[in-house]
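To keep things clear, I will list the structure first and then write my remarks on it.
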Amino acid sequence: MDLHTLIRDIADYPKPGIVFKDISPLLKHPAGLAMAVEQMANPYRGMGVELVCGAESRGFIFGTAIAQALSAGFVPIRKPGKLPYDTHAMDYELEYGTDKLEIHTDAVGKGQKVLMVDDLLATGGTMQACCELVKKMGGEIVGVTVLIELSFLSGRDKLNAYGEAHAVLTY
């Protein structure tokens, strides 16, 4: 099965000139979803992953499934004000401005092996901020896995310090 056929391009969303990669058709396709999760998880089997951290919000979809596939726990990394307990926060640069992500202060233990997950790697800012949060807590990042990488935006370059980045689909 070619997973590319389950990704829909939406022109000029969320603004003119952007071609949005819509994963909705893949998510509703049982075999496609299962294949995507397996291909995202497989490079990290046998590496002792203890936790999977997923970025809000589509990273939650893949992150929980990958955590289950790897017999690991799952930790959400969220936008400000969404987590109920004490948090660590990280500001990061977006194409137009800044944003912030948070993680519970007790979510990752020192030395725990962590796999970072999101649906899309574009400029790398979101994933870099997620990785910095985990490193700040003493987690050992074993890698980064995404469904889609927009390679022309060179986001992978920001992730070199966090282990190997793996993408199932590259555009």
Side-chain angles (χ1 to χ4, degrees), residues 1-15 17-79 82-83 95 101 103-104 107-108 112-131 133-134 139-160 162-171:
M1 171 184 313
D2 181 3
L3 295 179
H4 287 93
T5 64
L6 298 175
I7 307 298
R8 176 173 42 206
D9 285 348
I10 305 204
D12 299 320
Y13 182 83
K15 56 187 166 190
I18 302 291
V19 178
F20 185 81
K21 298 295 185 190
D22 182 14
I23 63 171
S24 298
L26 180 137
L27 294 176
K28 72 177 187 178
H29 191 281
L33 178 58
M35 178 182 270
V37 168
E38 286 303 305
Q39 288 185 19
M40 291 172 77
N42 281 343
Y44 304 97
R45 290 189 186 282
M47 293 183 72
V49 173
E50 298 170 86
L51 294 173
V52 173
C53 287
E56 186 166 340
S57 66
R58 290 178 299 270
F60 297 176
I61 296 167
F62 293 105
T64 54
I66 291 167
Q68 183 178 20
L70 296 177
S71 297
F74 176 76
V75 173
I77 299 177
R78 306 227 39 204
K79 301 285 184 184
K82 302 288 187 179
L83 293 171
E95 190 175 350
L101 291 168
I103 190 170
H104 279 147
V108 178
Q112 279 194 296
K113 292 186 176 185
V114 181
L115 176 62
M116 308 301 294
V117 174
D118 207 353
D119 69 317
L120 182 94
L121 175 60
T123 63
T126 300
M127 186 53 74
Q128 183 180 32
C130 291
C131 290
L133 281 169
V134 169
E140 180 187 326
I141 298 171
V142 299
V144 174
T145 189
V146 297
L147 176 65
I148 298 170
E149 178 182 5
L150 303 179
S151 61
F152 60 92
L153 294 174
S154 302
R156 181 181 290 260
D157 295 345
K158 291 182 180 173
L159 306 178
N160 291 332
Y162 311 111
E164 183 178 338
H166 169 70
V168 175
L169 304 173
T170 303
Y171 293 91

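This chain uses plain numbering: 1 for the first residue, then up along the sequence. All values below come from the heavy atoms of this structure, side chains included, with hydrogens, waters and symmetry mates left out. Keep in mind it's a predicted model, so treat the numbers as computed, not measured.
- Within the 3.5 Å criterion, the main-chain N or O of Gly17 finds a donor-acceptor partner in the side chain of Asp12.
- Without hydrogens or angle criteria, His104 side chain to Pro76 main chain gives no donor-acceptor distance under 3.5 Å.
- Not one N or O on the side chain of Thr123 forms a donor-acceptor pair closer than 3.5 Å with the backbone of Gly155.
- Note that CG of Leu101 and NZ of Lys82 are 12.5 Å apart. Values are rounded to the nearest 0.5 Å.
- For the atom pair CG of Leu169 and CG of Leu150, the computed distance is 10.5 Å after rounding to the nearest 0.5 Å.
- For Gln112 (side chain) and Gly139 (main-chain N/O), no donor-acceptor pair under 3.5 Å exists by modelled atom type.
- In this structure, Val168 and Ala36 approach most closely via the heavy-atom pair CG2-O, 4.3 Å.
- Counted within 6.0 Å of CD on Glu38, heavy atoms from surrounding residues, nucleotides or ligands total more than 12; the atom is thus considered enclosed.
- Gln68 has its side chain out of reach of Val37: every pair of non-hydrogen atoms, C-beta onward, lies at least 4.5 Å apart.
- Residue Ala165 comes nearest to Arg156 through the heavy atom pair O-NH1, 2.8 Å, listed as atom of the first residue, atom of the second, then distance.
- Using a 4.5 Å cut-off on side-chain heavy atoms (C-beta onward), Val52 and Val75 make no contact.
- Residues Val49 and Ile66 are not in side-chain contact: their nearest non-hydrogen atoms beyond the backbone lie 4.5 Å or more apart.
- Between atom OG of residue Ser57 and atom CD1 of residue Ile77 there is a gap of 13.5 Å, rounded to the nearest 0.5 Å.
- Contact check for Arg58 versus Leu120: no side-chain heavy atoms found under the 4.5 Å cut-off.
- Rounding to the nearest 0.5 angstrom, the gap separating the CG atom in Leu33 from the CG atom in Leu26 is 6.0 Å.
- The shortest non-hydrogen separation linking Phe20 to Tyr13 is CB-O, 3.3 Å.
- For the residue pair Glu56 and Lys79, the shortest heavy atom distance occurs at OE1-N, 2.8 Å.
- Here the CD1 atom belonging to Ile23 is positioned 14.5 Å from the NE2 atom belonging to His29, to the nearest 0.5 angstrom.
- Summarising the geometry of Gly32 relative to Met1, their closest heavy-atom pair is CA-SD, 3.6 Å, with the distance given to 0.1 Å.
- Between Met127 and Met116 the shortest side-chain heavy-atom distance falls below 4.5 Å.
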Item to check | Steps toward side-chain contact (heavy atoms from CB on, under 4.5 Å) verdict (Tyr162, Val134) | outcome: CA-CA 10 Å; Tyr162 311 111; Val134 169; over 6 Å; no

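- Atom CG of Leu70 is separated from atom NZ of Lys113 by 12.5 Å, given to the nearest 0.5 angstrom.
- Residues Leu27 and Phe62 are in side-chain contact: their nearest non-hydrogen atoms beyond the backbone lie under 4.5 Å apart.
- Between the side chain of Ser151 and the backbone N or O of Thr170 there is no donor-acceptor pair closer than 3.5 Å.
- Using a 4.5 Å heavy-atom threshold, the side chains of Leu115 and Thr145 count as touching.
- Between the side chain of Tyr44 and the main chain of Val144, a donor-acceptor pair closer than 3.5 Å is present.
- Glu149 and Lys21 are not joined by a salt bridge, as no carboxylate oxygen comes within less than 4.0 angstrom of a charged side-chain nitrogen.
- Listed here is the closest heavy atom pair of Ala55 and Cys130: CB-SG, 3.8 Å.
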